[in-house]
There are 2 protein chains.
Amino acid sequence: MPYDPSAFPPFAVTVDLVVLTVRRHALCALVVRRGEPPYEGKWALPGGFVRADEDLTSAAARELAEETGLHAHGTDSGLPGAHLEQLATYGDPGRDPRMRVVSVAHLALAPDLPSPTPGGDARGARWAPVDELLGVGDLSRYADDGNKSSLAFDHEQILAAGVERARSKIEYSSLATAFCPPEFTVGELRRVYEAVWGVVLDPRNFHRKVTGTPGFLVPSGGTTTRQGGRPAQLFRAGGATLLNPPMLRPEV
Amino acid sequence: MPYDPSAFPPFAVTVDLVVLTVRRHALCALVVRRGEPPYEGKWALPGGFVRADEDLTSAAARELAEETGLHAHGTDSGLPGAHLEQLATYGDPGRDPRMRVVSVAHLALAPDLPSPTPGGDARGARWAPVDELLGVGDLSRYADDGNKSSLAFDHEQILAAGVERARSKIEYSSLATAFCPPEFTVGELRRVYEAVWGVVLDPRNFHRKVTGTPGFLVPSGGTTTRQGGRPAQLFRAGGATLLNPPMLRPEV
DNA sequence: TCAATAGTGTCTCTCAGACAGTATGGT
DNA sequence: ACCATACTGTCTGAGAGACACTATTGA
């Protein structure tokens, strides 16, 4: 088959975002309420069209900034940053009933934001616990329209992929620090791991592990007592991106 | 921004394939020679347009079958199978000088084929060692056209991503068996790891490790002497997909 | 004083790497 | 005989899990 650029089928290309954060000991994702059909009134992942002159990463970063006010790391600005990476691409015919849409899903990891959803447009937006969105152990959420999902389109599948990526990636990389503010304690970092994995970790072994892994954490000098109890040392993320040896997720 | 399906910019969507195999102790990728501009005469990854009624995985499986005669696992047929998974999506404006093309790259892992490139169309196709294509340690491959790559478009970047995915994935999954024929020996599996990672492994520790990992290998009963020396037991791939504990890549 | 969290030390078991030694085929 | 490869066993050191113990704050 010759490569004939004039005879291609028409596609729309969008980016969808799985934006994760840790709020009140739970892993949460950003969802927006749809204001028009199809799936009007349902919750969906934020996203939008890729513009004609824009690469995929830029489109995802732009959508992230529009929805949350966060800027992707690498985007130079004094604003709060988030980790952003490409996740996977979804392009089944019929995933959007209106036309053929190929969506390049991205994963963003953000620290807990002071205000729930600053910026963003007028649509309703909220942080929802992923366990709720993915219906963990919930068999009574079958809607009337036959869509068993609590999210529009194939967004539940995309969210599940993003959550699984985050869960596995904090094992062998220092990405868990992307959920933390610039300065954080070992205990706060442990609570991130516990929320993302849904487990409880031994504080003493965890402390030995993360402080002993070279390049993971660097002490910033200060201490804090915001958790109560003995004041804890404050750390920043170190330069290491890949952890060796990795953090081990229990009960595998 | 309202979601207006009638106002989308025009995109073409293609699939590109990183097809890897192990031949004569080297990790090799399938490349085809371009018969038309741009990059006429250069080597490129196989690929093609996604059809209007076809999902992305089907398009990749179709291209794989057209180019190699291999069928993706899951595609029911008596034909030789290969592992196929989505890799990443490349959509920079200008990556194709003719128009805006978004390419969903896929990774395929195949056993060494008896005939170099059965099936496929009339264009030249070959298995090339990835070290050669990626120009490891080669600074003299700067072409006249300013493209420092030995491959067309951004295919060197895509190939590098595919190779890195394969290298890391055989650590924690049983995917290395996708490079082997249905029955294989521990020594043949070890040579796969050595070729993909570019290292030498201790045969005794490797044997202990793979035979001790539950679900990785199941003995098929037979033995073979095709490598010379004492006859070796033949194995098939076991049911396990995730290896626990993982194989460890030396010199990390 | 007690409760809560931070941080250190110690023991044990698993497992990876190094490598000796035995088994069994081909030439 | 000799070589090549397959396979088994043993030692050692690194590190994870379990958990006792001490340190330092606020209520």
Side-chain angles (χ1 to χ4, degrees), chain A residues 25 170-172 176 180 183-195 197 199-236 240 242-252, chain B residues 25 170-172 176 180 183-195 197 199-236 240 242-252:
Chain A
H25 281 216
I170 64 173
E171 290 189 60
Y172 57 88
C180 296
E183 291 198 330
F184 53 89
T185 69
V186 171
E188 288 163 353
L189 183 63
R190 175 170 47 82
R191 280 179 275 277
V192 164
Y193 274 91
E194 291 178 334
W197 285 344
V199 297
V200 286
L201 299 173
D202 185 293
R204 299 155 297 184
N205 291 336
F206 184 87
H207 188 282
R208 168 165 47 96
K209 187 68 196 292
V210 297
T211 55
T213 299
F216 195 3
L217 301 181
V218 291
S220 71
T223 60
T224 183
T225 182
R226 58 176 169 255
Q227 299 290 339
R230 171 175 166 180
Q233 228 183 322
L234 284 167
F235 293 88
R236 296 176 183 281
L242 257 41
L243 302 182
N244 194 286
M247 304 294 298
L248 286 190
R249 192 169 164 182
E251 180 67 23
V252 182
Chain B
H25 281 216
I170 64 173
E171 289 189 64
Y172 58 88
C180 296
E183 291 198 332
F184 52 90
T185 69
V186 171
E188 288 163 353
L189 183 63
R190 175 171 46 83
R191 280 179 275 276
V192 164
Y193 274 91
E194 290 178 334
W197 283 345
V199 297
V200 285
L201 300 173
D202 185 293
R204 299 156 297 185
N205 291 336
F206 184 86
H207 189 282
R208 170 165 46 97
K209 187 68 197 291
V210 296
T211 56
T213 299
F216 195 2
L217 302 180
V218 291
S220 71
T223 59
T224 182
T225 181
R226 58 175 169 253
Q227 298 291 340
R230 170 174 165 181
Q233 228 184 321
L234 283 168
F235 293 87
R236 297 176 183 282
L242 256 41
L243 301 182
N244 194 283
M247 303 293 298
L248 284 192
R249 194 168 164 184
E251 181 66 22
V252 182

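Because the structure is predicted, anything quoted here is derived from the model rather than measured. In what follows, chains are A, B, ... by sequence order, proteins preceding strands, each numbered from 1.
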(request) Please report, rounded to the nearest Å, how far the P atom of D/dA6 is from the CG atom of B/L234. (result) 11 Å
(request) Could you tell me the separation between the CG atom of B/L248 and the C1' atom of C/dA18, rounded to a whole number of Å? (result) 15 Å
(request) Compare side-chain N and O positions of A/R190 against OP1 and OP2 of C/dA6 and report whether any pair is under 4.0 Å apart. (result) yes
(request) Enter the distance from A/M247:CE to A/W197:CH2 here, rounded to the nearest 0.5 Å. (result) 5.5 Å
(request) Measure the distance from CD on B/E188 to P on D/dT5 and round it to the nearest whole Å. (result) 12 Å
(message) What's the closest nucleotide to the side chain of A/P231 if the choices are D/dA16, D/dT25, C/dA6?
(response) D/dT25
(request) List the atom of A/A176, the atom of A/V192, and the distance in Å for their closest heavy-atom pair. (result) O-CG1, 3.9 Å
(message) Both A/N205 and B/D202 contact DNA chain C. Which one's nearest nucleotide lies toward the 5' end?
(response) A/N205
(message) I need the minimum non-hydrogen distance between A/P245 and A/K209, along with the two atoms involved.
(response) O-NZ, 3.9 Å
(request) Report which part of the nucleic acid B/P203 touches: base, sugar-phosphate, or nothing (heavy-atom distance under 4.0 Å, all strands). (result) nothing
(request) Starting from the 5' end of DNA chain D, give me the residue, B/G229 or A/G229, whose nearest nucleotide shows up first. (result) B/G229
(request) Measure across A/E183 and A/L234 and return the closest heavy-atom pair with its distance rounded to 0.1 Å. (result) OE1-CD1, 3.5 Å
(message) Using OP1 and OP2 only, check whether a side-chain N or O of B/K209 sits under 4.0 Å from C/dC15.
(response) no
(request) Measure the distance from CZ on A/R249 to P on D/dA16 and round it to the nearest whole Å. (result) 17 Å
(message) Determine whether a donor-acceptor pair (one donor, one acceptor, N or O, separation below 3.5 Å) exists between the side chain of A/R208 and the base of D/dG17.
(response) yes
(request) State whether the distance check finds a donor on one side and an acceptor on the other, under 3.5 Å, for side chain B/R204 versus base C/dA20. (result) yes
(message) Tell me the closest heavy-atom pair linking A/L201 and A/E194, and the distance in Å.
(response) N-OE2, 2.9 Å
(message) With a 4.0 Å limit, can you tell me whether B/H207 has a side-chain N or O closer than that to the phosphate oxygens OP1/OP2 of D/dC7?
(response) yes
(request) Mind calculating the distance between CZ (B/R230) and C1' (D/dT5) to the nearest angstrom? (result) 9 Å
(message) Please report the distance, rounded to the nearest Å, between CG in B/N244 and C1' in C/dT14.
(response) 12 Å
(request) Round to the nearest Å and state the distance from B/L201 atom CG to D/dT5 atom C1'. (result) 16 Å
(message) Distance check needed: D/dT24 P versus A/Q233 CD, whole Å only.
(response) 13 Å
